[in-house]
Amino acid sequence: MAKRPNFIHLQIEQDLEEGKNSGRIHTRFPPEPNGYLHIGHAKSICLNFGIAEKYGGKCNLRFDDTNPAKEETEYVDSIMEDVHWLGFDWGDRLYYASDYFDKLHQFAVDLIKKGKAYVDDQDADTISRQKGTPTRPGFESPCRMRPVEENLRLFEKMTAGDFPDGSHVLRAKIDMASPNMHMRDPIIYRIIKASHHRTGDKWCIYPMYDFAHGQCDYWEGITHSVCTLEFEVHRPLYDWFIDQLMDSDYRPRQIEFARLNLTYTVMSKRRLLELVKEGYVNGWDDPRMPTISGLRRRGYSPESVRNFSERIGVTKVDGMIDVSLLEYSVREHLNKIAKRVMGVLNPLKVVITNYPVGETEELEAINNPEDPLMGTRKVSFSRELYIERDDFMEDPPRKFFRLAPGREVRLRYAYFVTCTEVIKNEKGEITELHCTYDPASRGGNSPDGRKVKATIHWVSAAHAVKAEVRLYDRLFNDENPTGHKDIDFRQFLNPESLTVLKECFIEPSVRKAKPLDHFQFERLGYFNVDYDSTEENLLFNRTVPLRDSWSKFQNGK
RNA sequence: UGUCCUGUGGUGUAAUUGGCAACACGUCUGACUCUGGAUCAGAAGAGUCCAGGUUCGAGCCCUGGCAGGACAACCA
């Protein structure tokens with residue numbers, strides 16, 4: 001896909017022109033391992049790794065693991081898997097904020113010695129109240145004037161674990177009257193007596209994110225710290241820390257961009273975690289989840305996610321992207337690569353009354369009309385078939401082109417058939433169709449050149465394999481589930497987001513398919529094989545339906 | 001009564017030094033088609049948040065408004 005430069009690229013190019021960092025470009029993707037990555041992170045990953053690729057630079061993967069209470073190894077593993085799946089690699093540059101705990105601690109001690117940090121032993125409420133509000137200045141803590149020696153001693157005791165959680169914090173001494181809340185003597189270290197996923201029980205105190213992030217960037221030689229808009233107001237604080245640290249004119253440049261919002265979805269790890277924990281979905285990788293692992297299981301390809309990221313662009317405008325753009329991106333890619341296959345989701349039996357009993361023949365079908373190199377395959381035809389229930393109407397409206405009593409249609413790659421009889425049960429439900437076929441139309445064309453208005457898909461009843469197919473719809477039925485003041489986002493959960501069809505019949509060529517293999521079920525949509533699928537119990541997920549002007553017409557009526 | 005950020009078709013992004021507001025998705029036509037898919041051709045849809053100003057000329061520069069968002073976790 002053609003990549004056009006976004007505003008961050010332009011700023012980087014300007015830095016390059018000015019000869020900053022002697023032409024070096026180094027970015028990083030810094031997730032907190034407290035949940036699975038989602039499509040919004042994909043945007044950031046594509047941006048950061050993309051910048052490195054574009055300018056011949058490097059991109060680090062760094063886990064921001066400064067809060068042992070929320071972080072787990074499971075998340076670390078999933079994040080690495082997802083970044084790789086998207087097609088990016090951090091080489092030997094895998095880092096953790098926890099790699100810098102010693103340096104950070106030393107830096108804190110240095111700040112104390114310089115009189116720029118102090119231990120506060122007031123409770124959280126009091127400290128919070130003293131901070132003021134965005135429109136009112138804060139006032140100074142009585143601990144602010146504590147002598148350096150005492151601060152050093154207290155911080156040492158904090159480090160040694162002599163104090164309980166929450167009893168003491170270390171604060172930077174900046175300006176309680178600053179119009180920027182983040183400069184009002186921010187807390188930089190707090191006591192958390194929890195075991196850390198990497199450092200174990202070595203530490204009782206942990207740096208705050210704000211005290212770690214900028215310094216990690218600095219120590220890693222990051223030239224461009226790309227992050228989301230909400231950190232814009234933190235930038236002066238990060239700069240303040242770097243001011244205390246820097247020994248040359250090198251300083252990472254932070255550039256903020258707008259996080260991704262998608263219609264009909266929620267995009268915060270906290271809420272996604274709630275959906276998982278409360279059982280509204282079946283785990284982080286439920287195909288209805290906007291997580292990278294969910295999209296993967298749903299059948300999205302890495303290419304389609306990357307193309308989507310490219311297409312939406314990068315700006316500072318906090319907007320909302322239409323999911324239809326994401327869906328367009330998968331269809332676009334899958335159309336090129338997915339093998340075509342015939343499958344009947346809601347089967348209706350058809351008997352070809354003039355076809356010999358017990359006979360079977362092989363017909364040739366094209367695997368992908370978009371790509372001749374994908375070749376052809378044989379599909380078996382016989383007297384008893386299944387077609388899609390939706391492809392027959394006993395009393396069709398004007399614009400319905402498919403099968404109806406007395407009407408002739410083409411069975412794809414096979415024959416022209418005409419419906420001669422509709423069989424019903426006592427309840428008046430259609431159970432079976434009788435048709436006749438035209439032997440001269442073998443392969444799908446009639447020698448006399450007569451036309452049919454529709455081609456429908458089918459499978460041979462005797463040859464088809466049974467499969468379970470899961471149809472997914474959007475998880476929420478409101479465009480902006482979290483955008484309503486007094487209504488919880490769960491209220492907008494779509495009760496029909498998952499439809500399980502257990503009696504589907506697919507042509508046998510899919511039997512050996514492996515999990516994650518993509519298919520187009522002709523005329524229906526793109527489907528992929530689920531992780532839980534086996535040769536005996538085939539299981540497909542619908543990635544996205546095909547564009548469908550007939551259903552659009554129907555719904556519009 | 002703050003600080004910072006952002007306002008361009010329905011949505012998302014472009015517009016070089018100030019020079020006919022462009023592209024994609026979506027929508028609607030039509031062509032073609034053994035997928036009501038894909039493809040191809042075309043159409044509608046904004047005068048750039050508002051008001052002034054500078055200029056031959058402003059989406060872009062200046063002034064003043066308005067609207068939306070972020071910031072008051074010992075979260076990141």
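Because the structure is a prediction, the values reported are computed rather than measured. Proteins get letters first, then strands, A, B, ... in listed order; numbering begins at 1 in each.
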TODO: Establish, yes or no, whether a centroid distance under 6.0 Å links the rings of Phe231(A) and Tyr209(A).
DONE: yes
TODO: Establish whether the base of G36(B) is bridged to the side chain of Arg523(A) by a donor-acceptor pair shorter than 3.5 Å.
DONE: no
- [ ] From the options G26(B), C75(B), G37(B), select the nucleotide whose nearest atom is closest to the side chain of Ser324(A).
- [x] G26(B)
Task: Any-strand Watson-Crick or G-U partner of C4(B), both distances under 3.5 Å - done: G69(B)
- [ ] State which of G7(B), G37(B), A24(B) makes the closest approach to the side chain of Tyr328(A).
- [x] A24(B)
Open item on the list: Using the six-membered base ring of G36(B), report whether Phe553(A) stacks on it, requiring centroids under 5.5 Å and planes under 30° apart.
Closed with: no
TODO: Give the nucleotide from the list A24(B), C5(B), G7(B) with an atom nearest to the side chain of Lys316(A).
DONE: C5(B)
Task: Under 3.5 Å donor-acceptor pair, Arg4(A) side-chain atoms to U13(B) base atoms - done: no
TODO: Give the nucleotide from the list C74(B), G2(B), G36(B) with an atom nearest to the side chain of Ile187(A).
DONE: C74(B)
TODO: Choose from C75(B), G36(B), G7(B) the nucleotide whose nearest atom is closest to any side-chain atom of Ile192(A).
DONE: C75(B)
Open item on the list: Can you confirm if the aromatic rings of Phe257(A) and Phe7(A) lie within a centre distance of less than 6.0 Å?
Closed with: no
Open item on the list: Using a 4.0 Å heavy-atom cut-off, does Ile312(A) contact any base of the nucleic acid, only the sugar-phosphate backbone, or nothing at all?
Closed with: sugar-phosphate
Open item on the list: Measuring from the side chain of His234(A) (C-beta onward, heavy atoms only), which nucleotide among A76(B), G69(B), G2(B) has the closest atom?
Closed with: A76(B)
Task: OP1 or OP2 of G12(B) under 4.0 Å from side-chain N/O of Thr315(A) - done: no
Task: Who pairs with U11(B) - Watson-Crick or G-U, where each distance is under 3.5 Å - done: A24(B)
TODO: Hunt down the Watson-Crick or G-U wobble partner of U63(B), both distances under 3.5 Å, from any strand shown, or write none.
DONE: A51(B)
Open item on the list: At 4.0 Å (heavy atoms only), tell me whether Asn67(A) reaches a base, stays on the sugar-phosphate, or touches nothing.
Closed with: sugar-phosphate
Open item on the list: Using a heavy-atom cut-off of 4.0 Å across all strands, would you classify Thr66(A) as base, sugar-phosphate, or nothing?
Closed with: sugar-phosphate
Task: Ring centre gap for Tyr328(A) and Phe308(A) strictly below 6.0 Å - done: no
TODO: Could you tell me whether Gly132(A) contacts a base, only the sugar-phosphate backbone, or nothing, with contacts defined as non-hydrogen atoms closer than 4.0 Å?
DONE: sugar-phosphate
- [ ] Have a look at Pro369(A) and say if it touches a base, only the backbone sugar-phosphate, or nothing, with a 4.0 Å heavy-atom cut-off.
- [x] base
Task: Out of U6(B), A76(B), C4(B), whichever nucleotide has its closest atom nearest the side chain of Glu230(A) - done: A76(B)
- [ ] Select one nucleotide: of G37(B), C71(B), A76(B), the one nearest the side-chain heavy atoms of Glu32(A).
- [x] A76(B)
Open item on the list: Classify Glu256(A) by what it touches in the nucleic acid, base, sugar-phosphate, or nothing, heavy-atom distance under 4.0 Å.
Closed with: nothing
Open item on the list: Counting C-beta onward and ignoring hydrogens, is there a side-chain heavy-atom pair between Lys339(A) and His518(A) closer than 4.5 Å?
Closed with: no
Open item on the list: Base, sugar-phosphate or nothing for Ser128(A)? Non-hydrogen atoms, less than 4.0 Å.
Closed with: sugar-phosphate
Open item on the list: Any base atoms under 4.0 Å from Arg270(A), or only sugar-phosphate, or nothing? Heavy atoms, all strands.
Closed with: nothing
Open item on the list: Among U3(B), C75(B), G37(B), which nucleotide has an atom closest to any side-chain atom of Pro179(A)?
Closed with: U3(B)
TODO: Answer with yes or no after comparing the ring centroid distance for Phe527(A) and Phe540(A) against a 6.0 Å cut-off, counting only values under it.
DONE: no
TODO: Output the single nucleotide from A38(B), C75(B), C74(B) whose closest atom is nearest the side chain of Arg547(A).
DONE: A38(B)
TODO: Please examine the side chains of Arg190(A) and His168(A), heavy atoms only from C-beta on, and report whether any two atoms are closer than 4.5 Å.
DONE: no
Open item on the list: Under 4.0 Å, counting only non-hydrogen atoms across every strand here, what does Lys453(A) touch: a base, just sugar-phosphate, or nothing?
Closed with: nothing
- [ ] Go through the N and O atoms of the side chain of Glu370(A) and the base of U39(B), and report whether any donor-acceptor pair is under 3.5 Å.
- [x] no
Open item on the list: Ring centroids only, cut at 6.0 angstrom: are His196(A) and Phe101(A) within range, meaning strictly under it?
Closed with: yes
Task: Proximity to RNA chain B (any heavy atom under 4.0 Å), residues of residues 158-174 of chain A only - done: Gly166(A), Val169(A)
Open item on the list: For G57(B), give the paired nucleotide (Watson-Crick: N1-N3 plus N6-O4 or O6-N4; G-U: N1-O2 and O6-N3; both under 3.5 Å), or none.
Closed with: none
Open item on the list: Which is more 5' along RNA chain B, the nucleotide nearest Val233(A) or the one nearest Leu10(A)? Just name the residue.
Closed with: Leu10(A)
Task: N-O pairing of Lys316(A) and Glu256(A) below 4.0 Å - done: yes
Task: Syn or anti for G68(B) (syn when the glycosidic angle lies within 90° of 0) - done: anti
- [ ] Would you kindly check if the NZ (Lys) or CZ (Arg) of Arg474(A) is within the cone defined by 45 degrees around the ring axis of Tyr264(A) and under 6.0 Å from the six-membered ring centre?
- [x] yes
- [ ] Name the pairing partner of A31(B), where a pair is Watson-Crick or G-U wobble with both distances under 3.5 Å, or state none.
- [x] U39(B)
- [ ] Have a look at Glu232(A) and say if it touches a base, only the backbone sugar-phosphate, or nothing, with a 4.0 Å heavy-atom cut-off.
- [x] sugar-phosphate
- [ ] Tell me what Tyr189(A) touches on the nucleic acid: a base, only sugar-phosphate, or nothing, going by heavy atoms under 4.0 Å.
- [x] nothing
- [ ] May I ask you to check whether Tyr96(A) and Phe63(A) place their ring centers less than 6.0 Å from one another?
- [x] yes
